[in-house]
Amino acid sequence: MCAIMGFSSHPRMTPAELGKHFGKTRSRGPDMTRIEPAGEGCLCFHRLSIMDLTEAGMQPFARDGDMVVCNGELYGFRKRKRSLEAKGYTFQSDSDCELLIPLYREYGTKMFSMLDAEFAMVLYDGKTREMIAARDPIGIRPLYYGYDEGSHIVFASEPKNLVGFCRDVRPFPPGHYYQNGQFIRYCDAAAVRQYCTGDIDAVCAGIRSRLIAAVEKRMDADAPLGFLLSGGLDSSLVCAIAARMTDKPIRTFAIGMDTDPIDLKYAREVADYIHSSHTEFTMTRDDVIAALPQVVALLGTFDITTIRASIGMYLCCKAIHEQTGVRVLMTGEVSDELFGYKYTDFAPSAEAFQAEAARRIQELHMYDVLRADRCISVNSMEARVPFADLDFVQYVMSIDPAKKLNTYGIGKYLLRRAFEKDQLLPDRILWREKAAFSDAVGHSMVDALKAYAETQCTDSLQAACAAYPTVPPFTKESLLYRRIFEQNYPGQTHLITGFWMPNPAWEGCNVKDPSARVLSNYGASGQ
């Protein structure tokens, strides 16, 4: 995980001011910082050393007048590097990102659709003297943009880098590149040209092979690797698959409230089964309340469910950073968007399920993916998300949505069935009902947040919420989060398009709280 900035024109600020703005994301790359002129502008880079730990892997990379900074991982880069060497290119490092300029010279902007990668990059073309920026199709790596007082575009890893000198800071759209003043889509990860054929066994075989491949490619790191393990299906599968790929025990980490953690016992059961080196952390009500302002500030959102789910993740990652040398964390995000939440059990049709999945995939960069990135990167580690592997996402999206509907009596049936013969997990984990992470760390955490909001927002709820006409808060909890957000990102409401909530148009989903706990089908999920 690194931090980048790219100015298309010379920054209208002193070096000290530039350092102050860029320094706000130093935790993303604490190892080394470099700011280099690029044409009429400049490129900035904070490094977290993951591939090639030597100074040779430091960015910006430069070649024949071109320059690039990239926060990303290019999977399978060694094979591509050999093909470039066969064409006469030489390399000074073992960094995957050093390939970007040769790839650009060979293929131009077509290279973005060729990458098997999670990335956000800014590239200076020395021949045309223009800045080109791009972001991966899921938005795993963050990128934002704004315009300075001279109406010149500026790119940065996080909005906090841009607030204060750019107007209307906005997310860079995933699956797009920017060139000549335009954002051009090169990939829509949720689009389906044709549904794949085959019976349920063939479909499950496709799921299995692709998820295993997605985990395997993400095991490649020169820095220590760890795994977040909640005890739920998604993170448990990732950990179990990885554990089969190495002779040494993988390192797993879990967190829960000190009073009523739902998932700690399941995480421990998984860790024992896969023989991982497991560490548990606990948090108290006071820890949760104390972390809240910092969590909202690091996230750059006022979304209720994102903030709730981030507190446990942030505190877990903080402990990992302080107590271990782990620098890469594998996580289980993005499975829900593909295979369904508890509320998608209420989808009125297969077409409605598919449309909801596509919308969630396109919005991931504002919610679950944002949460994973910020909670991990603020603690100077890199997130890797196997379920967000592009080949895996596109395959699952191409499965006939009628097969993904919950007509089986349990959610995510296809994913569970895909691995039922592998004995990767105990059956009671593989077939366990889902509990939302913000609830699974302990129901008391959300209850504590709601109670705290009641003490902090004592004025009339209706009048207080009316002060925020764009994406207005609707509970005292959401009002509290909005006030903290506005203190850190004044006037930047458009960073998200709305609250993450179940689809209110579906029967049974028009609820006032994003937690699955309020749905009629929650059942035994929290046990």
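Please read all numbers here as calculations on a predicted model, not as lab measurements.
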Go through T475 and E477 one step at a time and tell me if the side chain to side chain donor-acceptor pair (under 3.5 Å) criterion holds. CA-CA 5 Å; T475 62; E477 182 188 9; 4.8 Å; no
When you check the side-chain N and O atoms of [X] and [Y], is any donor under 3.5 Å from an acceptor?
X    : Y    : result
T331 : E333 : yes
S230 : S235 : yes
Y124 : E130 : no
T25  : N161 : yes
H46  : T33  : yes
Y481 : D303 : no

Heavy-atom count check: over 12 atoms from other residues, nucleotides or ligands less than 6.0 Å from E40 CD? no
Please check if atom NZ in K24 has more than 12 non-hydrogen atoms from other residues, nucleotides or ligands closer than 6.0 Å. yes
In this structure, which one of D94, D52, D96 forms a salt bridge (Lys or Arg N to Asp or Glu O under 4.0 Å) with K81? D94
So that I can tick it off, tell me whether [Y] and [X] are bridged by a salt bridge, with the cut-off set at under 4.0 angstrom between side-chain N and carboxylate O.
X    : Y    : result
D116 : K217 : yes
E382 : R141 : yes
R360 : D336 : no
R371 : D368 : yes
R308 : D513 : yes

Looking at [atom1] of [X] and [atom2] of [Y], how far apart are the two atoms once the value is rounded to the nearest 0.5 Å?
X    : Y    : atom1 : atom2 : value
L123 : C70  : CG    : SG    : 9.5 Å
L103 : R105 : CG    : CZ    : 12.0 Å
I496 : H365 : CD1   : NE2   : 11.0 Å
S27  : L298 : OG    : CG    : 8.5 Å
L228 : D234 : CG    : CG    : 12.5 Å
M381 : K318 : CE    : NZ    : 11.0 Å

Please lay out, stage by stage, how I4 and V122 fare under the test side chain to side chain contact (heavy atoms under 4.5 Å, CB included). CA-CA 8 Å; I4 64 174; V122 183; 4.1 Å; yes
Distance-only, no hydrogens or angles: does the [X] side chain make a donor-acceptor pair with backbone N or O of [Y] under 3.5 Å?
X    : Y    : result
Y75  : A214 : no
Q362 : A190 : no
D136 : F119 : yes
N379 : C375 : yes
Y489 : I484 : no
R359 : A355 : no
N71  : C2   : yes
Q354 : M397 : yes

Could you tell me whether the side chain of [Y] reaches within less than 4.5 Å of the side chain of [X], counting heavy atoms only?
X    : Y    : value
F499 : P514 : no
H176 : I184 : no
N406 : F353 : no
L100 : Y104 : no
E363 : W500 : no

Apply ring-ring contact (aromatic ring centres under 6.0 Å, His included) to the pair F7 and H152, showing each step before the final yes or no. CA-CA 8 Å; F7 292 79; H152 301 110; over 10 Å; no
Please step through side chain to side chain contact (heavy atoms under 4.5 Å, CB included) for the pair M13 and D148, ending with a clear verdict. CA-CA 11 Å; M13 58 184 78; D148 64 16; over 6 Å; no
Closest heavy-atom pair and its distance - [X], [Y]:
X    : Y    : answer
K404 : L338 : CD-O, 4.0 Å
P30  : S380 : CG-OG, 3.6 Å
M67  : A62  : CG-CB, 3.9 Å
R135 : P173 : CB-O, 4.2 Å
M330 : V215 : CE-O, 4.1 Å
K412 : F339 : CG-CB, 3.7 Å

Assess the residue pair H494 and Q492 against the criterion (side chain to side chain donor-acceptor pair (under 3.5 Å)); give the C-alpha distance rounded to whole Å, side-chain angles, the decisive distance to 0.1 Å, and a yes or no. CA-CA 5 Å; H494 44 263; Q492 303 298 331; 3.1 Å; yes
Show the numbers, then the answer: is there a salt bridge (charged side-chain N to carboxylate O under 4.0 Å, His left out) between E149 and R12? CA-CA 8 Å; E149 293 179 357; R12 298 190 173 192; 5.3 Å; no
Strictly by salt bridge (charged side-chain N to carboxylate O under 4.0 Å, His left out), give each pair with a member in residues 157-166 just once, sequence neighbours left out.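 As it turns out, the salt bridge (charged side-chain N to carboxylate O under 4.0 Å, His left out) pairs with a partner in residues 157-166, which skip direct neighbours, are R28-E158, E158-K160, E158-R374.
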Check each of F172, Y186, F155 against Y178 using the ring pair (Phe, Tyr, Trp, His ring centres under 6.0 Å) test, and report the only one that passes.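 Of the listed residues F172, Y186, F155, the ring pair (Phe, Tyr, Trp, His ring centres under 6.0 Å) partner of Y178 is F155.
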Check: Y468 ring centre within less than 6.0 Å of F302 ring centre: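 Here the rings of F302 and Y468 have centres that are no less than 6.0 Å from each other.
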Check against side chain to side chain donor-acceptor pair (under 3.5 Å), S49 and D31: CA-CA 7 Å; S49 303; D31 296 338; 3.1 Å; yes
Please evaluate residues R63 and E98 with respect to the criterion side chain to side chain contact (heavy atoms under 4.5 Å, CB included), reporting the C-alpha separation (whole Å), side-chain torsions for both, the decisive distance (0.1 Å), and the verdict. CA-CA 10 Å; R63 186 187 293 258; E98 192 183 357; 3.9 Å; yes
Go through the steps to decide whether Y341 and E356 satisfy the test side chain to side chain donor-acceptor pair (under 3.5 Å), and finish with yes or no. CA-CA 10 Å; Y341 299 87; E356 190 75 0; over 6 Å; no
Please lay out, stage by stage, how V369 and V385 fare under the test side chain to side chain contact (heavy atoms under 4.5 Å, CB included). CA-CA 9 Å; V369 160; V385 190; 5.8 Å; no
Selection residues 125-150 - residue pairs positive for ring-ring contact (aromatic ring centres under 6.0 Å, His included), sequence neighbours left out: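 Checked against ring-ring contact (aromatic ring centres under 6.0 Å, His included) - neighbours excluded - the pairs reaching residues 125-150 are Y145-F183.
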